Every structure is written in structure tokens, then in C-alpha cells.
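Working notes, beginning with the structure itself.
Quick caveat, the model's predicted, so the values are computed rather than measured. In what follows, chains carry the letters A, B, and so on, assigned in the order in which the sequence lines appear, proteins first and then strands, with residues in each chain numbered from 1. The figures here come from the full heavy-atom set of this structure, side chains too, leaving out hydrogens, waters and symmetry mates.
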2 protein chains.
Amino acid sequence: MQPASIERLAAAFARLPGVGPRTAQRLTYHVLTRPEDEVRALAQALVEVKELIGDCQTCFNLAEGPQCVICADSRRDPSVLCVVEGPADILPIERTHEYRGRYHVLGGALSPVDGIGPGDLHLEELYRRVVDGDADLHGVKVSEVVVATNPTTAGEATALQIGADLGQRAPDVVVSRLASGLPVGADLEHADEVTLGRAFAGRRTI
Amino acid sequence: MQPASIERLAAAFARLPGVGPRTAQRLTYHVLTRPEDEVRALAQALVEVKELIGDCQTCFNLAEGPQCVICADSRRDPSVLCVVEGPADILPIERTHEYRGRYHVLGGALSPVDGIGPGDLHLEELYRRVVDGDADLHGVKVSEVVVATNPTTAGEATALQIGADLGQRAPDVVVSRLASGLPVGADLEHADEVTLGRAFAGRRTI
């Protein structure tokens with residue numbers, strides 16, 4: 001019913017997350033109405049991102065070159081490490097402007113049912129950074145590790161594992177976990193019981 | 001905060017319709033996790049669709065080559081033309097399997113406020129097809145024109161114009177308009193008054 005090149009583009013769009021066949025079709029027709037240089041810019045950006053982006057040698061964040069923009073930024077506090085599951089978790093934390101330390105990207109979370117064990121994550125590299133300090137920092141040691149894995153079963157299990165391992169290997173380093181509780185703007189009536197339980201357990205004097 | 005190539009891809013994604021900055025970011029991270037050949041396939045499909053797709057010489061539908069797949073299909077009934085605003089309108093009509101004639105794509109609808117007049121649409125080409133018959137059909141004449149422009153002010157105005165023009169130039173040709181009324185599965189309670197009014201006006205004996 002449609003030319004092959006249109007079917008191919010719609011099929012390629014439909015492989016993107018959250019894009020069903022109808023949206024893929026709509027995006028394809030949109031592309032056909034746009035100037036050729038705009039479409040070429042998208043195609044070029046797709047190819048380039050795959051060519052240029054690799055892992056940061058220090059923290060495994062996405063990087064163009066050996067170090068990511070955060071590790072390469074000398075204004076970041078090198079004595080605090082924030083541990084996240086994936087590179088996508090860094091952007092929301094950066095948007096808070098609350099954190100000025102460095103990161104460590106695990107590449108996932110412990111999940112025995114999915115076959116993801118400690119050897120599949122960058123845990124040893126984390127412990128090495130904490131114990132030895134980052135190679136590019138010439139002796140500055142880590143004093144705190146903030147574990148910011150997701151508040152899910154896998155994320156919690158990973159946080160507990162990191163807490164236990166660092167308790168043994170670097171007992172002087174503070175290991176903390178992001179607070180769990182009611183999201184700002186939420187109402188009690190619709191809070192789930194686990195979140196509400198966490199909010200009680202983590203209550204603070206005002 | 002992010003490498004330039006990632007920012008460029010996110011910006012390019014954000015130009016697609018329905019893709020906000022957050023979704024663009026998510027799509028970018030998704031692309032980074034996919035194999036290189038899958039990403040290259042999308043980039044290639046984008047470039048190819050712009051290179052290969054043009055207007056059908058007969059009906060102005062999207063085509064790879066001089067004629068679209070529908071005009072090139074000899075099993076289609078050449079005596080009926082369905083007039084649509086854009087190529088994207090053809091797919092939903094084809095999905096109904098109710099229509100076996102050919103199409104004519106106007107390239108929009110009459111809208112004086114947007115500066116779109118009769119000269120901006122493929123109206124003269126439509127009238128020529130109706131009066132003279134399609135060049136590739138050697139004398140088969142059009143007996144009916146089904147106007148399937150959108151049920152909007154612009155679409156209705158365009159339909160009225162086509163009806164008036166063809167009434168003068170080809171008085172023997174039946175000009176019809178898609179029925180307006182309640183969508184199947186809708187309930188009366190939530191129908192808007194214009195649609196319900198149309199449903200009354202177009203009521204049929206059962």
C-alpha cells in the first residue's frame with residue numbers, strides 16, 4: 001500500500017521506545033514534509049552519536065573521548081561519589097543543583113532473576129575508586145558515597161550490597177542512600193503504603 | 001552537562017512532532033544502547049525516504065518514481081476518485097477496505113485566514129482528471145468524485161468549492177461527501193452538538 005522506503009522508515013521509527021505503528025507512520029509523514037537538510041541533520045546526529053560516544057574511563061558515564069564532561073570538570077568535588085544505575089540517571093540529579101560531586105555508573109542493578117550478578121556491574125571499579133582514589137586526582141580520597149540506585153527491589157539490593165562491601169573495604173567512608181518518602185506535591189490519600197511507610201520511618205524533626 | 005553529539009541528537013529528536021525535551025533525551029539514551037547497525041538503518045531510512053519519495057504524477061500521493069502504488073495498480077477502479085487533503089489521509093481509508101477507486105491529493109484545504117486559496121491546491125489538476133480522464137487510462141472517464149476532506153471549516157469549504165466547480169465543468173459526474181455522524185462505539189451523552197446535529201440530518205431508514 002506504501003512505497004518500500006516509507007515502510008522501511010516507519011518500521012525503523014517503530015523500534016524506538018514508546019513509538020507504536022501509528023506514531024511511526026505519523027513521524028514518517030512528518031519527515032516527508034520537512035526540508036532535506038533538517039532530515040539529514042537527524043540522520044547525521046544518529047550516526048555521530050554512535051561513533052563518538054563511549055564510556056568515561058573514570059566513572060562509566062557517557063563520554064566523547066576518554067573522560068565525561070563531569071569527570072573533566074575540575075570544579076566538581078572529588079571527595080563525594082554518587083552511584084547511579086545508568087547514565088540517564090545523572091541528568092535529573094544534575095537538574096536539582098544539589099550535588100557537586102562526581103558520579104559512578106554501575107551499568108544496571110543486581111537482579112538474580114534476570115541473571116545480573118555483581119560481576120555484571122562496575123562494582124569492583126567503584127570499590128577501587130573509593131579505596132585508591134581516582135587516578136586523575138593524585139591522592140584526593142573519597143569521603144562519602146551516595147547510593148542513588150532506583151527505589152526498586154533490584155536498586156535496594158544493590159545499595160545494600162554496596163553498603164556491606166564498602167563497610168568492609170573502606171570503613172572510614174560514609175555510605176548514604178537517597179531519602180525515600182512522599183514526592184513533593186503528592187497527597188497522602190493517594191500515596192502507596194510502602195512509600196508512606198518509608199516517609200514515616202524517615203521522618204525528621206521540624 | 002552532556003557531550004555535544006548527545007545534545008545534537010536530542011535537539012534533532014525534539015523537532016519531531018509530539019516529542020518534548022524529556023522524550024528526546026530518552027530516545028537519545030535509547031539509541032546509545034542499541035547496536036550500531038540498527039541505528040544506521042534508521043539514519044539510512046531517513047535519508048532514503050527524502051531521496052526516493054516524490055509526488056505521484058497522476059494523483060499527488062507519495063510515490064517512489066512517477067506513479068504511486070495505487071495509481072500503478074491496474075485492479076483499482078479508475079471511474080471513482082476520492083479527494084483527500086494529504087497523503088496521510090489515504091492509509092486510514094485503505095484500512096477500511098471499503099474503497100477500490102483511485103485518489104486525488106489536494107495538498108491542503110482552502111483556508112483564507114492561512115492564505116491558502118484555490119491556486120495553492122491541486123484543484124485544477126483534479127478538474128482536468130475528471131473532465132479529460134487520466135492520461136494513463138486511455139479514455140476511461142470518472143463517474144463519481146468522493147470528497148473526503150476533513151470535517152473541519154477548511155475541509156468543508158473545500159468540499160463545497162469542489163462541488164460547485166464540478167457542477168459547472170462536469171455536470172454528469174456525481175460528487176459525494178463522506179457521511180458525518182456519531183463515531184461507532186461513541187455514546188450520545190458525550191457527543192458534541194454539531195456531530196449530533198449532523199447525525200440527525202443524515203439519518204437513514206432502517
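Heavy atoms from other residues, nucleotides or ligands lying under 6.0 Å from CZ of A/Arg169 number more than 12. In the displayed structure, B/Glu36 atom CD is contacted under 6.0 Å by more than 12 heavy atoms of other residues, nucleotides or ligands.
Chain A forms more heavy-atom pairs under 4.5 Å with one residue of B/Glu38, B/Gln25, B/Gln44, B/Arg34 than with any other, namely B/Glu38. Chain B forms more heavy-atom pairs under 4.5 Å with one residue of A/Gly18, A/Pro17, A/Ala45, A/Ala63 than with any other, namely A/Pro17. Annotation: maximal heavy-atom pairing with chain A below 4.5 Å, among B/Arg8, B/His30, B/Arg40, occurs at B/His30. Of the listed residues (B/Ile70, B/Leu16, B/Val47), the one with the most heavy-atom contacts under 4.5 Å to chain A is B/Leu16. Interface check for chain B: of the options A/Ala88, A/Ala10, A/Ala41, the most heavy-atom pairs under 4.5 Å are formed by A/Ala88. For the set A/Leu46, A/Asp73, A/Asn61, the entry with the most heavy-atom pairs within less than 4.5 Å of chain B is A/Leu46.
With contacts defined as side-chain heavy-atom distances shorter than 4.5 Å, the pair A/Pro3/B/Leu52 does not qualify. Taking the side chain as every heavy atom from C-beta outward, A/Val69 and B/Gln2 never approach each other to under 4.5 Å. For the pair A/Val49 and B/Val39, the minimum side-chain heavy-atom distance is 4.5 Å or more.
Heavy atoms only, all atoms of each residue included: B/Ala4 and A/Glu64 are closest at N-OE2, 3.6 Å.
For the atom pair CD1 of B/Ile6 and CG of A/Leu62, the computed distance is 4.5 Å after rounding to the nearest 0.5 Å.
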Inset, instruction - Go through the steps to decide whether A/Ser5 and B/Glu48 satisfy the test side-chain hydrogen bond (donor to acceptor under 3.5 Å, both in side chains), and finish with yes or no. - result: CA-CA 7 Å; A/Ser5 60; B/Glu48 274 185 10; over 6 Å; no

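Residue A/Ile90 does not touch chain B at all, counting heavy-atom pairs closer than 4.5 Å. No part of A/Pro92 comes within reach of chain B, as not one of its non-hydrogen atoms sits under 4.5 angstrom from that chain.
Between the A/Lys50 side chain and the B/Val31 main chain, a donor and an acceptor come within less than 3.5 Å of each other.
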